[in-house]
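For reference, the structure discussed in these notes is given below.
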Protein chains: 2
Amino acid sequence: MSHLGYGRLMAVDPEHVLRAAAALLTRKSTATMDEVAKAAGISRATLHRHFAGRDALVRALEALGIAECEAALDAARLDEGTASEAVRRLVGAVEPAAGLLAFLYTENQLFEGEEQNAGWALIDDRISALFRRGQLSGEFRIDLTPAWLTEALYGLMASGAWLVQSGKGAPKDFQHMIVELMLGGALRREES
Amino acid sequence: MSHLGYGRLMAVDPEHVLRAAAALLTRKSTATMDEVAKAAGISRATLHRHFAGRDALVRALEALGIAECEAALDAARLDEGTASEAVRRLVGAVEPAAGLLAFLYTENQLFEGEEQNAGWALIDDRISALFRRGQLSGEFRIDLTPAWLTEALYGLMASGAWLVQSGKGAPKDFQHMIVELMLGGALRREES
DNA sequence: CCCAAATGAGACATGAATGTCTCACTCGGG
DNA sequence: CCCGAGTGAGACATTCATGTCTCATTTGGG
């Protein structure tokens, strides 16, 4: 059995391991370290050499999710154009990481302790600021708090990821269905 | 004697146990049977006498959640009035069970196996039918599928429950913030 | 009063997952 | 060619939740 090395020696790519772990844990959040190792195509021993334990693995996944969120936030350029356009760009940029984020979102183990990763608060702030900007510009309604709009966006993205993963929705509709419901709601409009 | 009388002794109320378990597991989904027992104010032995094991407990919680959902669906009278009004009534009726449902929603253990409870499918159908009715009456937009609207409603209710539980939102706003975002979206409207 | 039902407390075994370790093998570079 | 880093396989001990059991106690009914 040989692994396709990609330049150096046959060292395991931690990134690839995390991707595989995320893909598996998103489907089966109770997967054991052994299952994770098999999913990543490595042995349990090697998995342990890279991540001290299950907790460390989940923490690494959390860090990866935060990093991808921040990358998406940067790529979406939330300060440019209308807030609506920014929301649309954000959802589109987040889509590749939606599965991982949906897993982390349901992993409330991460939020029950005292030491939850401060990265989430920063992300919350940036998204809240976007909604607040939309409210100040008169674009968004003001009877819904930025905190709620942010939380709701998380929920809709998780639901969207779940819908796609279960096969009840097409991946290509991910951005559209989330953005349209988030901004426009379910009611039919006559105007525009 | 020897008949199944239940007013006899200081028998534990299984309903109360389930409520306590739901309240705890919503906050800490990894709570042990011992913690659940303590939260319910009974011993682990008694907890085990009523629910064969952790799996049975979660199944019972699932059955309770399904029952409460169906009760809410009945109480909301989805066939009466406009679809919007029905959605509003539904969210209001579901609110007391929102915490439990949020827990079940994130307990993807329930949906990964082959034998997921058929009760969810029935609930999905009833809610989907409501959105479809709204679309046929011209009340709801038709570019979002009933399946997505249903899933989105779940996600928003879970997010709403989480927001309230974390203290970042008031319980009294639960119905309003969910219904308004679900139906009207975040965009500000000039009309009405 | 006496008994049966139900509970609480705790001991005990079991099983699964985890964490640690050793050893042999395979590359790749010097 | 040889050496070492990195890996796979597996043995091993440990931890912890779980499941089962016993026994004392409480409670309420007959």
Side-chain angles (χ1 to χ4, degrees), chain A residues 1-62 103 106-110 112-113, chain B residues 1-62 103 106-110 112-113:
Chain A
M1 50 175 71
S2 66
H3 272 80
L4 305 183
Y6 48 88
R8 300 183 52 178
L9 64 165
M10 48 181 300
V12 167
D13 179 17
E15 179 90 1
H16 166 254
V17 175
L18 284 179
R19 297 291 173 187
L24 173 61
L25 290 174
T26 300
R27 296 192 307 272
K28 181 173 162 58
S29 61
T30 61
T32 67
M33 293 291 277
D34 199 70
E35 291 173 303
V36 171
K38 279 187 175 56
I42 63 177
S43 71
R44 194 167 70 95
T46 301
L47 176 60
H48 243 280
R49 287 185 187 105
H50 286 271
F51 303 97
R54 185 189 185 76
D55 190 68
L57 177 64
V58 174
R59 292 293 168 181
L61 281 172
E62 183 182 32
F103 160 69
T106 63
E107 195 73 2
N108 43 21
Q109 177 112 21
L110 295 172
E112 63 196 23
Chain B
M1 66 178 80
S2 75
H3 82 93
L4 316 170
Y6 41 90
R8 182 159 173 74
L9 282 181
M10 48 178 294
V12 166
D13 178 18
E15 178 89 3
H16 166 253
V17 174
L18 285 178
R19 298 290 172 186
L24 174 61
L25 289 173
T26 300
R27 296 192 306 271
K28 180 174 162 62
S29 62
T30 61
T32 68
M33 294 291 277
D34 200 69
E35 292 172 301
V36 171
K38 280 188 175 57
I42 63 177
S43 71
R44 194 167 70 94
T46 301
L47 176 62
H48 219 273
R49 287 184 188 106
H50 286 271
F51 304 97
R54 184 191 186 76
D55 190 68
L57 177 64
V58 174
R59 291 294 168 182
L61 281 172
E62 183 182 32
F103 161 69
T106 62
E107 196 72 359
N108 43 22
Q109 177 112 19
L110 296 172
E112 62 194 25

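Labels below follow one simple rule: chain letters A, B, ... track the order of the sequence lines, proteins then strands, and each chain is numbered from 1.
Taking five base pairs at each end of the helix from C/dC1-D/dG30 to C/dG30-D/dC1 and finding the rotation axis that steps the C1' atoms of four pairs onto the next four gives two axes whose angle is 10°, to the nearest 10°.
Rounded to the nearest 0.5 angstrom, A/T106 OG1 and B/F103 CZ are separated by 12.0 Å. The OG1 atom of B/T30 sits 9.0 Å away from the CD atom of A/E107 when rounded to the nearest 0.5 Å.
Within residues 44-53 of chain A, the residues approaching DNA chain D are A/R44, A/A45, A/T46, A/R49, A/H50, by heavy-atom distance under 4.0 Å. For DNA chain D, the residues of residues 22-32 of chain B within the heavy-atom distance limit of 4.0 Å (strictly under) are B/T32, sorted by number.
Ion pairing of B/E35 with B/K38 is absent here, as no side-chain N (NZ or NE/NH1/NH2) approaches a carboxylate O to less than 4.0 Å.
Regarding A/D34, its CG atom lies at a distance of 12 Å from the C1' atom of D/dG8, rounded to whole Å. Atom CG of A/L57 and atom C1' of C/dT18 are 13 Å apart (whole Å). As rounded to whole Å, 16 Å separates atom P of C/dA16 from atom CZ of A/R54. The nearest whole Å value for the distance from the NZ atom in B/K38 to the P atom in D/dA17 is 11 Å.
By the neighbour-count criterion of 12 heavy atoms within 6.0 Å, atom NZ of A/K28 is densely surrounded, having more than that number from other residues, nucleotides or ligands.
Judged by distance alone, with hydrogens and angles left aside, the side-chain atoms of A/S29 form no donor-acceptor pair with the main-chain N or O of A/L25 at under 3.5 Å.
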